[in-house]
Undergrad: 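Okay, handing you the structure first.
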Amino acid sequence: MRTRGTITHGLRRRLAALSALAMGAALAVAVPAPASAAARVDNPYAGATAYVNPDWSAKAAAEPGGTAIADEPGFVWMDRIAAIEGSAQAMSLREHLDTALDQGANLFQVVIYDLPGRDCAALASNGELGPTELDRYKDEYIDPISEILADPAYANLRIVTIIEPDSLPNIVTNAGGSAGSTEACATMKANGNYEKGVGYALHTLGAIPNVYNYIDAAHHGWLGWDSNFVPAAQEFKKAATSEGATVSDVTGFIVNTANYSALKEPNFKITDTVNGAQVRQSKWIDWNYYTDELSFAQALRTELVSQGFASNIGMLIDTARNGWGGSHRPAGPGPQTSVDAYVDGGRVDRRIHAGNWCNQNGAGVGERPTSAPEPGIDAYVWAKPPGESDGNSAPIDNDEGKGFDRMCDPTYTGNGRNGNNLTGALPNSPLAGHWFSAQFQELVRNAYPPLDGTPGGGGDDTQAPTAPTSVTVTAKTSGSVSLSWTASTDDTGVTGYDVFRGGTKVGSTTTTSYTDTGLTASTAYSYTVKAKDAAGNVSAASGAISATTSAGGGTGTGTLKVQYKNTDSSATDNQIRMGLQLVNTGSTAVNLSTVKVRYWFTPEAGASTFGTACDYAVIGCGNLTHGVQSSGSTAAGASHYLEVGFGSGTLAAGASTGEMQLRLNKSDWSSFNEADDYSRSTATSYADAPKIGVYVTGALSWGTAP
């Protein structure tokens with residue numbers, strides 16, 4: 001369809017007043033001389049000479065090893081209204097365009113990124129406009145950008161836009177009550193302003209003859225499941241036909257914008273099986289249909305065409321930070337002892353979880369910008385400039401509308417969108433978009449393909465993490481002990497923990513909690529924990545803690561009780577649904593932050609990860625936490641439990657929380673058989689539930705544990 005091209009670098013450097021480097025990078029292909037940019041072309045990257053942002057280039061060149069990539073072309077981000085006019089620290093949009101002409105470039109790349117209620121699921125990249133400020137978005141943001149891009153002075157530039165990263169995918173996956181959904185995304189889905197804003201941008205910018213619009217389409221680890229794949233394509237079509245836009249305003253789509261998903265996973269295929277288990281069944285793939293961005297992008301393109309987009313649309317893939325090279329890059333497949341070992345041992349994407357997105361530890365620069373590298377792919381591009389932070393690792397006051405997202409905190413143990421794992425984020429990161437020197441140097445070290453004249457990377461890390469502290473017993477049964485601890489710190493980032501019982505390793509976890517199972521009742525055990533990083537450095541052991549298992553299931557005798565009603569008419573569908581309410585039968589108030597409610601069940605076959613949701617609560621769903629854990633119990637119908645917690649507040653003597661409507665599902669949406677579940681009953685009105693446990697500060701207060 002299109003001819004592969006590689007970047008050549010016939011650059012002319014000049015000293016500007018701000019000591020910036022102004023350079024151009026040519027996308028050379030073995031085709032006849034390209035047509036004038038004023039004439040619309042099928043692939044704007046073919047034969048193009050792309051603009052190199054001198055603001056970014058100067059910062060890159062000043063870093064160790066940075067000159068190897070300082071002349072690569074990338075996108076300019078218009079992430080707020082003020083960016084259009086620029087500042088003393090950053091060029092305006094018009095200044096960037098003028099500099100592109102000075103460089104002799106004929107391709108300019110810009111990210112359009114300021115929707116009302118922007119990025120409703122990630123606080124680090126929240127924007128300046130409120131959810132209802134669509135008119136400001138049109139009048140103060142899109143219209144001024146359009147006026148500048150339409151200036152005849154720039155008519156010979158092919159101007160590529162990325163339209164609003166993460167917005168439409170959030171409507172598909174994070175606005176409907178599933179694990180990780182947010183009220184902010186539900187608001188944006190209800191008011192339609194993401195779709196209206198994207199449609200207006202497409203229609204307004206698409207009317208300029210030399211503008212090529214590419215809509216952001218997330219990545220395979222977000223939209224690769226069948227429950228998301230087609231709905232996402234339909235959502236893109238809906239937005240592309242809103243506010244006067246048509247599919248003809250869309251040149252194509254981009255995947256992996258500002259993300260880390262591997263371009264290609266060379267050591268396994270989605271169709272591989274190990275001991276009868278499919279690769280899709282591994283914890284890493286988690287029933288996704290795609291293992292990498294290239295396969296996802298090509299398949300999504302086919303689906304988009306079937307939804308009515310033009311047959312010649314092209315895809316872009318952001319490869320700025322998905323190289324995953326260095327000494328830790330696997331040389332071949334993992335061992336075939338299990339499907340998890342096979343995938344984890346062979347995958348080049350070394351993140352803890354595919355849902356992790358902020359300043360990822362161990363990442364590297366990926367394929368350099370290249371035109372038409374694969375069928376259906378217009379180009380590999382660098383949308384997110386290497387070295388620009390994804391978000392701050394601790395709260396920072398700012399006037400840029402950017403919040404503190406815990407997914408950028410290396411000590412945070414996660415949420416429903418990353419399977420409640422550690423974030424894998426680098427420490428000491430600045431605000432999103434600000435320069436992050438430590439990250440840039442790591443990206444250079446771990447580049448794949450490797451960069452000329454730079455070290456192999458990865459092996460330079462010899463510093464061990466700090467030892468875990470405050471190891472605590474959070475719960476115990478006759479056959480299990482649950483532990484938690486305070487996260488360790490590391491110069492590059494902690495990747496996991498090993499748990500030892502009596503000096504013998506019994507398991508590993510990427511979170512700061514672990515449940516040891518298969519124990520003997522009424523027996524004392526001693527535990528320590530060690531932290532590890534991506535380079536294999538291991539911390540000293542934590543202080544030891546002892547725990548004695550219960551003498552049996554145990555029955556609580558406290559003043560709290562839980563009442564239950566069955567709100568699920570089918571025992572064999574793909575969700576477990578229930579109503580719960582907590583009642584204080586005592587004479588004093590109870591601190592709800594110390595209380596956990598456990599509903600025991602067995603998932604049978606299928607996925608081993610779960611989604612949970614609160615549909616309604618008198619005290620507000622936002623005041624509840626919920627998730628599924630393995631119980632360690634061998635009792636019938638009790639291998640796992642749904643645990644419900646309370647963020648804050650007190651429950652007065654004699655008071656009830658009121659109704660809490662909850663549900664859970666397996667991540668592959670396979671069916672349950674609830675008939676034998678330990679905590680289930682058939683009562684359709686509220687009644688005391690002695691097989692649902694209430695724990696206060698880790699001790700059983702109500703119910704009989706399995």
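In this text the structure is predicted, and so the values were computed from the model without any measurement.
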Undergrad: To the nearest 0.5 Å, how far apart are OH in Tyr260 and CG in Asn356?
TA: 10.5 Å
Undergrad: Could you go step by step and tell me if Lys530 and Asp498 meet the salt bridge (charged side-chain N to carboxylate O under 4.0 Å, His left out) rule?
TA: CA-CA 5 Å; Lys530 296 180 181 180; Asp498 293 331; over 6 Å; no
Undergrad: Any luck finding a side-chain donor-acceptor pair between Asp340 and Ser338 under 3.5 Å?
TA: no
Undergrad: Going from CD on Gln563 to OG on Ser685, what distance comes out if it is rounded to the nearest 0.5 angstrom?
TA: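 So the gap between those two atoms works out to 10.0 Å.
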Undergrad: Assess whether salt bridge (charged side-chain N to carboxylate O under 4.0 Å, His left out) is satisfied between Lys237 and Glu303, documenting all intermediate values.
TA: CA-CA 11 Å; Lys237 174 70 175 298; Glu303 177 60 34; over 6 Å; no
Undergrad: Kindly say whether Arg680 contributes a backbone atom to a donor-acceptor pair with the side chain of Asp677 at under 3.5 angstrom?
TA: no
Undergrad: Who pairs with Lys565 by salt bridge (charged side-chain N to carboxylate O under 4.0 Å, His left out), at least two apart in sequence or on another chain?
TA: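 In terms of salt bridge (charged side-chain N to carboxylate O under 4.0 Å, His left out), with neighbours along the sequence ignored, Lys565 is linked to Glu659.
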Undergrad: Verify, without hydrogens or angle tests, whether Ser539 (side chain) and Ala531 (backbone) share a donor-acceptor contact under 3.5 angstrom.
TA: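 At least one qualifying donor-acceptor pair exists.
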Undergrad: Name all pairs fulfilling the salt bridge (Lys or Arg N to Asp or Glu O under 4.0 Å) condition that reach into residues 279-298, sequence neighbours left out, sorted by first residue then second.
TA: none
Undergrad: Restricting to non-hydrogen atoms, name the atom on Cys120 and the atom on Thr182 that form the minimum distance, rounded to 0.1 Å.
TA: O-OG1, 3.0 Å
Undergrad: Less than 3.5 Å apart, any donor N or O on the side chain of Thr257 or Asp216 sitting next to an acceptor on the other?
TA: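 Yes.
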Undergrad: State whether the number of non-hydrogen atoms from other residues, nucleotides or ligands found under 6.0 Å of Glu183 atom CD is greater than 12.
TA: no
Undergrad: In Å and rounded to the nearest 0.5 Å, what is the CD to CH2 distance from Gln281 to Trp287?
TA: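 Between Gln281 CD and Trp287 CH2, I get 4.0 Å after rounding to 0.5 Å.
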Undergrad: Hey, what do you get for NE2 (His640) to CD1 (Ile576), rounding to the nearest 0.5 Å?
TA: 10.5 Å
Undergrad: To the nearest 0.5 Å, what is the distance between CG (Leu642) and OH (Tyr599)?
TA: 9.0 Å
Undergrad: Ignoring hydrogens and geometry, is there a side-chain-to-backbone donor-acceptor pair from Asn418 to Thr423 under 3.5 Å?
TA: no
Undergrad: Could you tell me whether the side chain of Asp349 and the main chain of Ala354 form a donor-acceptor pair under 3.5 Å?
TA: no
Undergrad: If we count only N and O atoms by modelled type, under 3.5 Å, do the side chains of Thr609 and Ser667 hold a donor and an acceptor together?
TA: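 Distance-only check passes for Thr609 and Ser667.
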Undergrad: Apply ring-ring contact (aromatic ring centres under 6.0 Å, His included) to the pair Tyr514 and Tyr497, showing each step before the final yes or no.
TA: CA-CA 9 Å; Tyr514 182 80; Tyr497 298 88; over 10 Å; no
Undergrad: Would you say Arg350's side chain and Gly362's backbone share a donor-acceptor pair under 3.5 angstrom?
TA: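 Pair absent, no side-chain N/O of Arg350 close to backbone of Gly362.
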Undergrad: Kindly indicate, with the supporting measurements, whether the criterion side-chain contact (heavy atoms from CB on, under 4.5 Å) is fulfilled by Val473 and Val481.
TA: CA-CA 7 Å; Val473 176; Val481 171; 4.2 Å; yes
Undergrad: Would you mind listing every ring pair (Phe, Tyr, Trp, His ring centres under 6.0 Å) that reaches into residues 670-703, with sequence neighbours excluded?
TA: Trp600-Tyr678
Undergrad: Compute both the distance and the angle, then confirm whether Arg501 meets the cation-pi test with Tyr527: under 6.0 Å from the six-membered ring centre, within 45 degrees of the axis.
TA: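 That pair does not qualify as a cation-pi contact.
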Undergrad: Please tell me whether Thr512 and Thr413 have a donor and an acceptor in their side chains that are separated by less than 3.5 angstrom.
TA: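 Thr413 and Thr512 do not have a side-chain donor-acceptor pair below 3.5 Å.
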Undergrad: Donor-acceptor check, side chain of Thr291 to backbone of Glu265, threshold 3.5 angstrom: yes or no?
TA: no
Undergrad: Distance under 6.0 Å and angle within 45° of the ring axis: does Arg347 meet both against Trp284?
TA: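 Geometry flag: set, cation within 6.0 Å and 45°.
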Undergrad: Judged by modelled atom types alone, do Asn174 and Asn170 share a side-chain donor-acceptor pair under 3.5 Å?
TA: yes
Undergrad: Side chain of Asn256, backbone of Ile317: donor and acceptor closer than 3.5 Å?
TA: no
Undergrad: Does either side chain, that of Arg663 or that of Gln575, offer a donor lying less than 3.5 Å from an acceptor on the other one?
TA: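 The answer is yes; a qualifying pair exists.
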Undergrad: Could you pull out all donor-acceptor pairs under 3.5 Å where a side-chain atom in residues 266-273 meets a protein atom, sequence neighbours excluded?
TA:
residue : atom : partner : partner atom : Å
Asn267  : ND2  : Gly332  : O            : 3.4
Asn267  : ND2  : Gly346  : O            : 2.8
Lys269  : NZ   : Asp272  : OD1          : 3.2
Asp272  : OD2  : Lys269  : N            : 2.9
Asp272  : OD2  : Tyr342  : OH           : 2.8

Undergrad: Kindly compute the distance separating NE2 (His219) from CH2 (Trp357), expressed to the nearest 0.5 Å.
TA: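 Answer rounded to 0.5 Å: 10.5 Å.
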Undergrad: Could you tell me whether the side chain of Ser306 and the main chain of Leu304 form a donor-acceptor pair under 3.5 Å?
TA: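 Flag not set: sc Ser306 to bb Leu304 has no pair under 3.5 Å.
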Undergrad: Indicate the atoms forming the closest heavy-atom contact of Ser470 with Thr486, along with that distance.
TA: CB-OG1, 3.5 Å
Undergrad: Is a donor from one side chain sitting under 3.5 angstrom from an acceptor on the other, for Thr173 and Trp222?
TA: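 Side chains of Thr173 and Trp222: pair found under 3.5 Å.
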Undergrad: Can you name the residues that form a side-chain contact (heavy atoms from CB on, under 4.5 Å) with Ala605, not counting sequence neighbours?
TA: none
Undergrad: Between Gln629 (side chain only) and Glu643 (backbone N and O only), is there a donor and an acceptor less than 3.5 Å apart?
TA: no
Undergrad: Kindly determine whether Ile171 and Met188 satisfy side-chain contact (heavy atoms from CB on, under 4.5 Å), including the steps that lead there.
TA: CA-CA 7 Å; Ile171 296 299; Met188 299 315 300; 4.1 Å; yes
Undergrad: Could you tell me which residues satisfy side-chain contact (heavy atoms from CB on, under 4.5 Å) with Ala683, sequence neighbours excluded, listed by chain and number?
TA: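 By the side-chain contact (heavy atoms from CB on, under 4.5 Å) rule, Ala683 matches Ser681.
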Undergrad: Go through it in stages, so that I can follow the logic: the residues are Leu294 and Glu374, the test is side-chain contact (heavy atoms from CB on, under 4.5 Å), and I'd like the CA-CA distance, side-chain angles, deciding distance and then a yes or no.
TA: CA-CA 9 Å; Leu294 179 59; Glu374 298 280 352; 3.9 Å; yes
Undergrad: Keeping the roles fixed (side chain from Asn228, backbone from Trp225), state whether a donor-acceptor pair exists under 3.5 Å.
TA: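 Answer holds: no.
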Undergrad: Inspect the contact between Lys666 and Glu604 and indicate whether a charged nitrogen and a carboxylate oxygen are less than 4.0 angstrom apart.
TA: no
Undergrad: Answer yes or no for Arg329 and Tyr448: cation-pi contact, defined as NZ/CZ to six-membered ring centre under 6.0 Å and angle to ring axis within 45°.
TA: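 Geometry flag: set, cation within 6.0 Å and 45°.
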Undergrad: For residues Arg351 and Ser261, is any side-chain donor paired with an opposing acceptor at under 3.5 Å?
TA: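 The answer is yes; a qualifying pair exists.
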Undergrad: Where do Met660 and Thr657 land on the side-chain contact (heavy atoms from CB on, under 4.5 Å) test, with the steps shown first?
TA: CA-CA 8 Å; Met660 300 175 286; Thr657 59; 3.7 Å; yes
